[in-house]
Peer 1: 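To start, I am sharing the structure in question, which I have written as structure tokens.
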Amino acid sequence: MLTPTQIRPFIADVIARNAVSIPPYPANAMRLRSLVGSGTFGLTDLARIVKEDQVLAAAILRAANSAMFRRAEPITTLDRAVSQLGADEVCRVALAASLGKIAGGQGPLAQLRRTAWRHALTSAICAGHLGYRRNLSSETGFVCALLHDFGRVIAVAALEEVLRSQKIADAMPIQEWEVLVDEVHIDLGLLMGARWKLSDVILECIGCHHEPENAKQHRAFVDVIVSCDKIVQVMEDCPYLLPHDLEQLSGITAREAHALMDALPLIPAYLTRLAEAIPEQGLPVPSQVDKPSSVLEAGRRHVQWPGAWVRSNGDTACQLQFVTADGLSLTCSLPLPEGGVARVRVGEGADAVEVSGRILLTAAHGNQHRSEIRLFVIPGTGKAAWENLYQRAASAA
């Protein structure tokens, strides 16, 4: 089996030859930000740019209809969506969707790219709120958080180039690939920042977010990014998130923790809506992540319940295989994207429960696809509903 030690010389060579593939900075995101920065624009001017990009237009509509922003009836036109979001939020969605398109390409390590983008966007949403609470620019905080770890996506692309050029077909566990990404993501992030001519504050967040004591002019923003990385990790580890989970994190006050709790439960739906706007790039490629047969082992209760993968463009029927205290397994005609977030409905009628979850594993299962999903940022009411469902599963077993 392949080992990280065998890969390191090849990735070092790619970096040394400056052969790392770094896409250009998203053009329409730059146009929108330049227009808003000029101060001489109308919402119709923003909508005109948005309409030129099909992916961006879909992302703006989905964002405007997410629980994070919608206040009344569904929004069906771009002009109204732009008006609902406002200029700054349109710029944020444009950048997030454009980077999501870069991160969403097919490849043998696509799962790592999706995970990196999910982390980045989650961190960015947190940073917008936390920056505001600390009397910093929420816009700057959002962009710094979105880009501070985007070197991970560049690192994955470099690893995939090594796999292609060296004709390496072996697989490694995801933890081994993550070790290699960790080793080079800051250097590649700074290289990306230099090519994109990013601002000093973004470059300092890229270079210092693991060693904030090395920050110079922009320590306040670096501290926001460090705090948001901690929050993202807690969100990954704790399916049922409560204020005290955040209060225990160093650098985050109790007031900040309680304020963030208003926004965090809305993030999963926002992530799924934005991901739905980004089409798959290219043909599916066999994964070179060595997958376990299962990742949800403890407390399984086998069921035969109907379910659905809930999406804004139409639900896909699924069949539940088992539930656990913090997750589920289902089979579906379509593959759920590993590393992403999905909204799932369990059961039918009045007893149905809808939850969001991180897609940990997807594998072929006959002519179907089996996925294992871990609950993701479930609020208190959702926690009670899932516990009741889990108890019903004990009776059904």
Side-chain angles (χ1 to χ4, degrees), residues 92 95-96 99-100 103 112-134 136-156 174-175 177-190 192-193 198 201-216 218-239 241-254 256-257 259-261 263-268 270-271 339 341 358 374 376-377:
R92 293 187 188 109
L95 182 57
L99 296 178
L112 277 78
R113 276 200 307 278
R114 292 191 197 102
T115 299
W117 183 69
R118 185 185 80 236
H119 286 177
L121 186 50
T122 303
S123 178
I125 296 169
C126 293
H129 288 277
L130 195 57
Y132 174 79
R133 288 279 164 184
R134 296 183 182 182
L136 299 169
S137 165
S138 60
E139 175 66 24
T140 301
F142 181 95
V143 176
C144 286
L146 192 63
L147 292 172
H148 84 283
D149 251 355
F150 206 73
R152 293 185 181 278
V153 174
I154 308 301
V156 172
I174 193 168
Q175 296 84 355
W177 290 116
E178 288 172 342
V179 166
L180 292 170
V181 170
D182 284 344
E183 291 174 358
V184 299
H185 79 284
I186 291 180
D187 288 341
L188 292 179
L190 291 171
M192 173 197 74
L198 297 178
V201 60
I202 300 174
L203 291 174
E204 194 159 291
C205 288
I206 292 172
C208 299
H209 65 275
H210 288 303
E211 297 177 327
E213 64 278 5
N214 292 337
K216 296 177 181 177
H218 306 288
R219 176 65 187 267
F221 281 103
V222 173
D223 285 342
V224 167
I225 302 308
V226 171
S227 293
C228 289
D229 281 347
K230 294 176 183 177
I231 293 169
V232 170
Q233 189 58 57
V234 168
M235 291 170 70
E236 298 278 302
D237 293 341
C238 302
L241 198 61
L242 298 172
H244 78 262
D245 296 315
L246 302 182
E247 291 173 20
Q248 294 175 0
L249 300 176
S250 61
I252 297 175
T253 68
E256 290 171 342
L260 283 166
M261 285 303 300
L264 298 190
L266 304 178
I267 289 177
Y270 184 78
L271 293 176
V341 176
R358 294 187 293 117
R374 191 163 190 257
F376 185 50
V377 197

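Atoms considered below: every heavy atom in the structure, side chains included; atoms not considered: hydrogens, waters and symmetry mates.
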Peer 1: For residues Leu112 and Val181, report the shortest heavy-atom separation together with the two atoms involved.
Peer 2: CD2-CG2, 4.0 Å

Peer 1: May I have the step-by-step check of side-chain hydrogen bond (donor to acceptor under 3.5 Å, both in side chains) for Asp229 and Gln233, ending in yes or no?
Peer 2: CA-CA 6 Å; Asp229 281 347; Gln233 189 58 57; over 6 Å; no

Peer 1: Is there a salt bridge (charged side-chain N to carboxylate O under 4.0 Å, His left out) between Arg358 and Glu236? Walk through the geometry before answering.
Peer 2: CA-CA 8 Å; Arg358 294 187 293 117; Glu236 298 278 302; 3.2 Å; yes

Peer 1: Check whether any side-chain heavy atom of Val156 sits under 4.5 Å from a side-chain heavy atom of Trp177, and report yes or no.
Peer 2: no

Peer 1: Any chance you could lay out the side chain to side chain contact (heavy atoms under 4.5 Å, CB included) test for His209 and Ile186, step after step, and finish with the verdict?
Peer 2: CA-CA 9 Å; His209 65 275; Ile186 291 180; 4.1 Å; yes

Peer 1: If you round to the nearest 0.5 Å, how far is OG of Ser137 from CZ of Phe142?
Peer 2: 12.0 Å

Peer 1: Any chance you could measure Tyr270, atom OH, to Ile125, atom CD1, to the nearest 0.5 Å?
Peer 2: 5.5 Å

Peer 1: Do the side-chain N and O atoms of His119 and Asp149 include a donor-acceptor pair separated by under 3.5 angstrom?
Peer 2: no

Peer 1: If you look at every heavy atom in Gly251 and Glu256, which pair is closest and at what distance?
Peer 2: O-OE1, 3.9 Å

Peer 1: Kindly state whether the ring of His185 and the ring of His148 have centres lying under 6.0 angstrom apart.
Peer 2: no

Peer 1: Working to the nearest 0.5 angstrom, can you tell me the gap between Leu271 CG and Arg118 CZ?
Peer 2: 8.0 Å

Peer 1: Within the 4.5 Å heavy-atom criterion, are Cys144 and Val201 side-chain neighbours or not?
Peer 2: yes

Peer 1: Within the distance-only criterion (no hydrogens, no angle test), does the side chain of Arg113 pair as donor or acceptor with the backbone N or O of Ala103 below 3.5 angstrom?
Peer 2: yes

Peer 1: Measuring from atom SG of Cys126 to atom CG of Leu264, what distance do you get when rounded to the nearest 0.5 angstrom?
Peer 2: 5.0 Å

Peer 1: Taking the side chain as everything from C-beta on, heavy atoms only, tell me whether Val234 gets closer than 4.5 Å to Leu241.
Peer 2: yes

Peer 1: Is Ser138 close to His129 at the side-chain level, that is, under 4.5 Å between some pair of heavy atoms?
Peer 2: no

Peer 1: How long is the span from the NE2 atom in His210 to the CD1 atom in Ile225, to the nearest 0.5 Å?
Peer 2: 12.0 Å

Peer 1: Less than 4.5 Å apart, any side-chain heavy atom of Asp223 and any of Pro212?
Peer 2: yes

Peer 1: Just by modelled atom types, is the Lys216 backbone N or O under 3.5 Å from a matching donor or acceptor in the Glu204 side chain?
Peer 2: yes

Peer 1: Is it the case that the side chain of Asp245 and the backbone of Leu242 share a donor-acceptor pair, with hydrogens and angles ignored and the cut-off at 3.5 Å?
Peer 2: yes

Peer 1: If you define the side chain from C-beta out and look only at heavy atoms, does anything of Leu130 sit under 4.5 Å from Cys228?
Peer 2: yes

Peer 1: In Å, rounded to the nearest 0.5 Å, how long is the span from CG of Leu203 to NE2 of His218?
Peer 2: 9.0 Å

Peer 1: Does any non-hydrogen side-chain atom of Arg134 lie less than 4.5 Å from one of Ser227?
Peer 2: yes

Peer 1: Can you tell if the side chain of Leu188 reaches within under 4.5 Å of the side chain of Val153, non-hydrogen atoms only?
Peer 2: no

Peer 1: On a heavy-atom basis, which atom in Ala215 and which in Val222 lie closest, and how many Å separate them?
Peer 2: CB-CG2, 3.9 Å

Peer 1: Please report the C-alpha distance between Val377 and Ile267 in whole Å, then the side-chain angles of each, then the deciding distance to 0.1 Å, and finally whether the side chain to side chain contact (heavy atoms under 4.5 Å, CB included) criterion is met.
Peer 2: CA-CA 8 Å; Val377 197; Ile267 289 177; 5.9 Å; no

